[in-house]
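Below you'll find the structure, written out as structure tokens, and then a few comments.
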Number of protein chains: 2
Amino acid sequence: MLTAKGTATRQRIIDGAAAEIRDRGVAATTLDDVCGRTATSKGHLFHYFPGGREQLLLAVADREAWRVLEDQQPHLSRLTTWHAWQAWRDAVVHRYQQQGVHCPLGVLITELGRGTPAAQAVTGRLIGQWQDDLQAGIASMQQRGQIAGELNAERTAAAIVAAVQGGVTILMSTGSSAHLEATLDTALLFLKSSALDAGPDATPSEGNRK
Amino acid sequence: MLTAKGTATRQRIIDGAAAEIRDRGVAATTLDDVCGRTATSKGHLFHYFPGGREQLLLAVADREAWRVLEDQQPHLSRLTTWHAWQAWRDAVVHRYQQQGVHCPLGVLITELGRGTPAAQAVTGRLIGQWQDDLQAGIASMQQRGQIAGELNAERTAAAIVAAVQGGVTILMSTGSSAHLEATLDTALLFLKSSALDAGPDATPSEGNRK
DNA sequence: CTTCTTCTGGACTTGCTAGTCCATTTTTAG
DNA sequence: CTAAAAATGGACTAGCAAGTCCAGAAGAAG
């Protein structure tokens, strides 16, 4: 059983490991580094994570996955107006510009092995939730007639999740958010222009126009 | 100086390392594994790659980056008809379905450190070339009036590169190509529908329609 | 032929890191 | 109060992998 103190220590280890990984990368982060940073010792580490490094990394990955969604709130769960979509877009760009070239989650998943069931579960939950929120947003805009009803909300949401993911990947490789912004703006332009096809209820942006 | 034999050995090491990495991942690939597989020894390795592991990995990454573009040919450099676009889309999906959850290049770049100038150079060249080809394709379709002339070809090409990248990333995490296909189809739908807005020269796909 | 360079092989060193173990302190609970 | 359970600290081990070194074979050059 865990006491309150034990729970706190466990959490401190996860947080410290997450911070260390954000600072220096997964490969360069040793268990000793984590111990040093969190004022704990190997004994603790294996006490709370009998599975060792792998189990700790998984716990960190799970934590980071939550943060990804948290950082997009409250916009992501209320995509009911074009204004909200724009705010969401800005939040995503801002979040990843801040993060820069370090993507703790991506690297963690890589390290854990993408094929691992546990790692797939973490990414699956993240992508699923993200896509669900986008889909709900698209559906609600469709109900108001601001996005063409003929659009397949599920597929479109999947496309946007992928687009954002790719923009982030490129940002991490190049340090530039240009692709992320281009892909988000193009996605929004697509959604808006779909309504134009059907009827002029929407306010198109000039994002991708010359 | 390198003799013909030396060059061949060097290449054999790169190819063997690439194969080993594709099979088992970067982290799990040791220099001894590479030596074993290529019938060489540590002596060779440091003879041809004085920079050690890092230099070897960089050489492998460069090789893999070329393959990514090669595998999309001849379609990628001739995106002048909707048929060619569709063939390109199919080639991309097929290539990555084959590859499955292993992305040698992505993992290599991760391992080398995304911030490293050398790694950024490799990814930068790859993304740049890819985007240029897409942009040329869009421009040529615009000249024929099959894509709306008002579209910003550069930004749109950037958005598509990002989208594909994201679809691939998700494929690697989940093993499903659904997102990759969704994002490619949505991108093509977007291009086609842009022409519809302007004038009915294009043949829209039903990809994203219900 | 012979001399110099390049190529090849593998044994060895060095350093690091995950994981183990156990002794000690603190907390919980009856 | 006391005994059991949980938390803590750190020294220790084992194994692995990167990188070094050197001796000898093969090949080019004159």
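Atom set for the values below is all heavy atoms of this structure, side chains included, hydrogens, waters and symmetry mates excluded. Chain naming here is simple, since letters A, B, ... match the order of the sequence lines and numbering starts at 1 in each.
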Report yes if some heavy atom in the side chain of [X] is under 4.5 Å from a heavy atom in the side chain of [Y]; otherwise report no.
| X | Y | answer |
| --- | --- | --- |
| B:Gln165 | B:Thr169 | yes |
| A:Val68 | A:Tyr96 | yes |
| A:Ile138 | A:Glu154 | no |
| B:Leu134 | B:Leu76 | yes |
| B:Ile160 | A:Thr186 | no |
| B:Leu171 | B:Ser176 | no |

Exercise. So what does B:Ala4 hit on the nucleic acid, given a heavy-atom distance under 4.0 Å: a base, only sugar-phosphate, or nothing?
Worked result: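 Since no nucleic acid heavy atom lies under 4.0 Å of B:Ala4, the category is nothing.
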
Exercise. Within the structure shown, what part of the strands sits under 4.0 Å from A:Phe49 by heavy-atom distance: base, sugar-phosphate, or nothing?
Worked result: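 No contact at all - A:Phe49 keeps every heavy atom at 4.0 Å or more from the nucleic acid.
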
Exercise. B:Glu64 and B:Arg67: salt bridge (Lys or Arg N to Asp or Glu O under 4.0 Å), yes or no, with the steps?
Worked result: CA-CA 5 Å; B:Glu64 294 294 331; B:Arg67 276 180 46 127; 3.6 Å; yes

What does the list of N/O pairs under 3.5 Å between the protein and nucleotides 16-20 of chain C look like, with a distance for each?
residue : atom : partner : partner atom : Å
C:dA18  : OP1  : A:Arg53 : NH1          : 3.0
C:dA18  : OP2  : A:Leu31 : N            : 2.9
C:dA18  : N7   : A:Lys42 : NZ           : 3.3
C:dG19  : OP2  : A:Arg53 : N            : 3.0
C:dG19  : N7   : A:Lys42 : NZ           : 3.2
C:dG19  : O6   : A:Lys42 : NZ           : 3.0

Is there a donor-acceptor contact under 3.5 Å from the side chain of [X] to the main chain of [Y]?
| X | Y | value |
| --- | --- | --- |
| B:Ser77 | B:Gln73 | no |
| B:Ser177 | B:Leu180 | no |
| A:Arg89 | A:Leu184 | no |

For this session: Give a yes/no answer on whether the side chain of B:Tyr48 brings an N or O atom under 4.0 Å of OP1 or OP2 in C:dT8.
Result: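 For C:dT8, OP1/OP2 do have a side-chain N/O of B:Tyr48 under 4.0 Å.
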
Exercise. Just to confirm, is there a sub-4.0 Å distance from OP1 or OP2 of D:dT8 to any side-chain nitrogen or oxygen of A:His47?
Worked result: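 Checking D:dT8 against A:His47, no side-chain N or O comes under 4.0 Å of OP1 or OP2.
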
Problem set entry | Parallel, tilted or perpendicular: ring planes of B:Trp85 versus B:Trp88, cut at 30 and 60 degrees |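 Ring orientation, 0 to 90° scale: perpendicular.
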
Could you pull out the protein-nucleic contacts involving nucleotides 24-30 of chain D (nitrogen or oxygen on both sides, under 3.5 Å)?
none

Exercise. Near DNA chain C, under 4.0 Å by heavy atom, which residues of residues 9-17 of chain A?
Worked result: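 Under 4.0 Å from DNA chain C: no residue of residues 9-17 of chain A.
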
For this session: Using whole Å, report how far NE2 of B:His44 lies from P of D:dT20.
Result: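 So the two atoms are 17 Å apart, to the nearest Å.
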
